[in-house]
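All remarks here apply to the structure that follows.
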Amino acid sequence: MKAWHVTSLGEPSAVLEAVEIDIPAPGPGQVTVRVLASAANFPDVLMCRGLYQVRPELPFTPGVELCGEITALGDGVDGFAVGDRVLGGAVLPYGGFGEYALMSATETFPAPASLNDAQASSLFIGYQTGWFGLHRRANIQPGETLLVHAAAGGVGSAAIQLGKAAGARVIGVVGGEAKADVARRLGADVVVDRYTQDFVEVVKAETGGRGADVIYDPVGGDTYLRSTKCIAFEGRILVIGFAGGAITETALNHALIKNYSIVGLHWGLYNKMAPELVGECHAELTRLADAGLIAPLVSERLALADVPDGLQRLADGVTVGRVVYEGGV
């Protein structure tokens, strides 16, 4: 099969190498799938750079989430059959940026019929992260105000849709008018262009000075620090990631004085500590997708040959929605 290998660490466009390798055979508890689509994620970028908490041995094929058709079952796999269309996480070193991949049966779920392959490949990490963050960690309530940073990206776009589905009023922060148009299409009630507007002032104006009840922050750095200026009484700041590159040090007395919570989310831990909750979340996401309340925004469909360029543009912060390698494109 054809695949991309990371053979040394660095920027995706520099370290991805096209290779021909054998189709992987599934081990116990695994399935082999023909890749129908694989969404690019920021962890793929970080793994190429050697900066992610998971550091697979070289060489490996990135592509941490995908939609595929099962072609072989490993020992001990129940509930699936050859030919099933599924989505979930890849088992590295056989990630989704190849013609075939490996998946663990415990992180594999039926793909909703209401979503096409590219959309289904984008439903796992970003939407699970959004659902766990908003519902399980922040306990978002109907009528609350949700502020979403990087709102036109893969993680932020999911948070907008999930926030609206939960009955929240959503303010999205983006960089540039093109991304602002995307956030509006996704359903954001108010969109802030950080190049021309101060999101702190906009949030205060839109909430009568109260602030946002929940702030969804996958950026970190100065974005986090400024978010503390517009968090509401008993608000919750969700620390999702550090796409901006800086891990913030904060004065905890500020959280005490303003009476807000700083809530961390490492979604991957749920697969180890409470996998039954991941299954329950997938059932809820399927229900929302079938009801037309959520649908991943796929902005680009890539041929296999175009994966390095697409992943590099994600790394450079110039993409919107989800960039997806789609088999057969």
Side-chain angles (χ1 to χ4, degrees), residues 39-42 115 118-119 122-123 125-131 133-134 138 140 142-207 211-224 226-227 230-232 235 237-244 285 288-289 292-301 310 313-324:
N41 282 272
F42 205 70
L115 301 180
Q119 291 172 320
S122 309
L123 190 67
I125 295 175
Y127 279 83
Q128 287 258 351
T129 298
W131 191 91
L134 294 178
I140 196 166
E144 288 191 319
T145 296
L146 167 65
L147 176 66
V148 179
H149 290 293
V155 172
S157 61
I160 289 178
Q161 292 184 343
L162 289 167
K164 292 299 295 180
R169 185 166 185 256
V170 178
I171 301 174
V173 182
V174 300
E177 185 55 36
K179 292 185 177 182
D181 288 340
V182 170
R184 294 187 192 100
R185 294 204 326 258
L186 288 163
D189 299 285
V190 178
V191 179
V192 181
D193 183 349
R194 61 184 174 85
Y195 292 158
T196 60
Q197 298 171 283
D198 181 349
F199 73 80
V200 173
E201 296 305 318
V202 174
V203 170
K204 289 180 178 179
E206 290 290 336
T207 60
D213 300 288
V214 179
I215 298 179
Y216 195 86
D217 180 19
V219 180
D222 187 61
T223 294
Y224 169 84
R226 290 196 52 73
S227 293
C230 60
I231 186 69
I237 301 178
L238 277 164
V239 179
I240 305 298
F242 307 98
L285 293 176
L288 293 172
L293 295 174
I294 61 172
L297 174 63
V298 178
S299 59
E300 300 180 51
R301 288 172 166 82
R313 285 186 288 106
L314 172 65
D316 295 339
V318 296
T319 60
V320 297
R322 302 309 301 267
V323 175
V324 178

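For the numbers below, each heavy atom of this structure counts, side chains included, while hydrogens, waters and symmetry mates do not.
- Side-chain contact between L115 and P296 is present, with heavy atoms from C-beta onward closer than 4.5 Å.
- With sequence neighbours excluded, the residues that form a side chain to side chain contact (heavy atoms under 4.5 Å, CB included) with A118 are N116, V298, R301, V324, E326.
- A salt bridge links E177 and R184; the closest N-O separation between the charged side-chain nitrogens and carboxylate oxygens is under 4.0 Å.
- Between A212 and I231 the shortest heavy-atom distance is O-CD1, 3.2 Å.
- Although no hydrogens or angles enter the test, the distance criterion places a donor-acceptor pair under 3.5 Å between the side chain of S299 and the main chain of V320.
- The salt bridge (Lys or Arg N to Asp or Glu O under 4.0 Å) check on D316 picks up nothing, with sequence neighbours excluded.
- The line from CH2 of W131 to CG of L162 is 10.0 Å long, rounded to the nearest 0.5 Å.
- Closest of all the heavy-atom pairs between L186 and I160 is O-CG2, 3.6 Å.
- Sorted by first and then second residue, the salt bridge (charged side-chain N to carboxylate O under 4.0 Å, His left out) pairs involving residues 214-224 (not counting sequence neighbours) form an empty list.
- Residues satisfying the side-chain hydrogen bond (donor to acceptor under 3.5 Å, both in side chains) test with T129, not counting sequence neighbours, are none.
- Pairing each heavy atom of G163 with each of L134, the nearest pair is N-CD1, 3.9 Å.
- Of all heavy-atom pairs between Y195 and G175, the closest is CE1-C, 3.4 Å.
- For the atom pair CG (L147) and CD1 (I171), the distance works out to 6.0 Å, reported to the nearest 0.5 Å.
- Pairs passing the salt bridge (charged side-chain N to carboxylate O under 4.0 Å, His left out) check and including a residue from residues 155-167, sequence neighbours excluded, read K164-D189.
- With sequence neighbours excluded, the residues that form a salt bridge (Lys or Arg N to Asp or Glu O under 4.0 Å) with R313 are E300, D309.
- Between D213 and I140 there is no side-chain heavy-atom pair separated by less than 4.5 Å.
- Put simply, the side chain of R169 never gets that close to the backbone of G143: no donor and acceptor are under 3.5 Å apart.
- Counting only distance, with no hydrogens or angles, the side chain of Q161 and the backbone of G187 share no donor-acceptor pair below 3.5 Å.
- Rounded to the nearest 0.5 angstrom, T145 OG1 and I215 CD1 are separated by 10.5 Å.
- Separation of atoms SG (C230) and CD1 (I237) is listed at 8.0 Å; rounding is to 0.5 Å.
- The main-chain N or O of A39 is found under 3.5 Å from a side-chain atom of N41 such that the two form a donor-acceptor pair.
- Here the side chains of V173 and V202 are not in contact, with every heavy-atom distance at 4.5 Å or above.
- The shortest non-hydrogen separation linking T223 to F199 is O-CZ, 3.9 Å.
- How far CG of L123 is from CD1 of I294: 5.5 Å, rounded to the nearest 0.5 Å.
- Listed here is the closest heavy atom pair of V191 and A183: CG2-CB, 3.9 Å.
- Between the CD1 atom of I240 and the OH atom of Y224 there is a distance of 12.5 Å, given to the nearest 0.5 Å.
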